[in-house]
Amino acid sequence: MGKEDSTFGYCANNKNDLTGNDLFLAYSEDKIIGYLFGRCSETEETIAPVEQGAKCFEIDEIYVEKDCRSQGIGSALFEYAQNYFGQIADYITLSTATKNHKSILRFYIEKMGMTFWSAKLFKKI
C-alpha cells in the first residue's frame with residue numbers, strides 16, 4: 001500500500017490505529033481487498049457546516065487494493081458504513097491526502113453525495 005505513492009505523508013497502520021475504531025472489510029475469497037475504518041463521536045463545537053453536538057462518523061481511512069479499484073468496492077464500503085451509522089450519526093466526515101485529488105473529489109462528491117467544505121492547498125517555492 002505504501003509503495004503506491006498515492007498519498008502525501010503515508011504511514012503504515014498498526015493495531016493501535018484501529019483501537020477504538022469501527023472497521024469494515026471487503027473480501028475476495030480469503031483475501032482482504034479493501035477496508036474502511038473510523039469512529040463515531042459528537043462534535044464539541046460548531047465547525048461549519050456541522051453544528052455543536054452533532055453526531056459524526058469520521059472516516060479515518062478507506063482503501064481498496066490497486067488491482068481491485070473501479071469495481072464498486074470503495075462505494076460499497078462507504079455505503080455500508082453510511083447505512084450502519086444512519087440511525088446513529090447525523091453526518092459522515094473525512095479528510096483526504098490523496099495525490100489524485102480530481103478522482104477522489106469526483107468519487108466523494110459526485111458518486112457518494114458528499115458536500116465540499118474546505119481544502120488546504122500548498123505550493124513548494
Side-chain angles (χ1 to χ4, degrees):
M1 293 178 212
K3 295 178 184 175
E4 283 184 42
D5 194 31
S6 62
T7 188
F8 298 101
Y10 174 80
C11 296
N13 293 317
N14 61 48
K15 66 180 179 179
N16 294 330
D17 295 320
L18 301 176
T19 302
N21 285 298
D22 291 284
L23 174 64
F24 303 93
L25 302 173
Y27 289 92
S28 178
E29 298 176 15
D30 293 351
K31 182 181 173 194
I32 296 171
I33 57 170
Y35 62 84
L36 179 152
F37 70 87
R39 69 196 149 311
C40 204
S41 63
E42 192 171 292
T43 57
E44 295 179 13
E45 58 186 46
T46 297
I47 306 169
V50 179
E51 66 277 357
Q52 179 181 7
K55 291 187 175 132
C56 297
F57 176 65
E58 182 174 354
I59 296 173
D60 284 333
E61 191 169 325
I62 183 170
Y63 180 82
V64 175
E65 290 282 332
K66 191 172 185 176
D67 59 342
C68 297
R69 293 182 190 151
S70 299
Q71 298 176 24
I73 297 164
S75 298
L77 285 164
F78 186 98
E79 289 170 355
Y80 190 88
Q82 178 176 285
N83 291 334
Y84 184 85
F85 286 102
Q87 301 298 315
I88 302 167
D90 302 304
Y91 297 93
I92 291 180
T93 62
L94 62 86
S95 296
T96 183
T98 186
K99 291 180 178 180
N100 189 351
H101 66 278
K102 290 179 184 177
S103 177
I104 203 71
L105 287 174
R106 186 171 36 261
F107 173 76
Y108 285 119
I109 293 171
E110 294 175 13
K111 192 162 187 181
M112 304 318 307
M114 297 189 85
T115 301
F116 182 85
W117 173 60
S118 177
K120 183 172 187 169
L121 307 173
F122 66 94
K123 180 179 181 180
K124 184 169 174 59
I125 54 172

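Since this is a predicted model, take the numbers as computed values, not measurements.
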side-chain contact (heavy atoms from CB on, under 4.5 Å), that's the test. Do Phe57 and Thr93 meet it? Break it down for me.
CA-CA 6 Å; Phe57 176 65; Thr93 62; over 6 Å; no
Side chains of Leu77 and Tyr80, heavy atoms from C-beta outward: is any pair under 4.5 Å?
no
Nearest-0.5 Å distance that lies between atom CD1 in Ile73 and atom CG in Leu36
13.0 Å
Tyr84 and Glu79, any side-chain heavy atoms less than 4.5 Å apart:
no
Okay, side chain of Arg39, backbone of Asp22: is any donor-acceptor separation there less than 3.5 Å?
no
Drop me the distance from Phe116's CZ to Ile109's CD1, to the nearest 0.5 angstrom.
6.5 Å
Below 4.5 Å, heavy atoms only, C-beta onward: do Phe78 and Ile59 meet side chain to side chain?
yes
For Leu23, is there any backbone N or O sitting under 3.5 Å from a side-chain donor or acceptor partner on Asn21?
no
Side chains of Ile32 and Tyr27: closer than 4.5 Å at any heavy-atom pair?
yes
Given side chains that start at C-beta, do those of Met112 and Ser75 come closer than 4.5 Å, heavy atoms only?
yes
Suppose the criterion is ring-ring contact (aromatic ring centres under 6.0 Å, His included): which pairs have a residue in residues 87-111, not counting sequence neighbours?
none
Heavy atoms, side chains only, cut-off 4.5 Å: are Ile88 and Cys40 in contact?
yes
Below 4.5 Å, heavy atoms only, C-beta onward: do Ile33 and Val64 meet side chain to side chain?
no
Contact check, side chains of Glu58 and Leu94, non-hydrogen atoms, under 4.5 Å
no
Under the side-chain contact (heavy atoms from CB on, under 4.5 Å) rule, what do Cys56 and Val50 come out as? Steps first, then yes or no, please.
CA-CA 9 Å; Cys56 297; Val50 179; 3.8 Å; yes
As an exercise, state the distance from CD1 of Ile92 to CD of Gln82, rounded to the nearest 0.5 Å.
4.5 Å
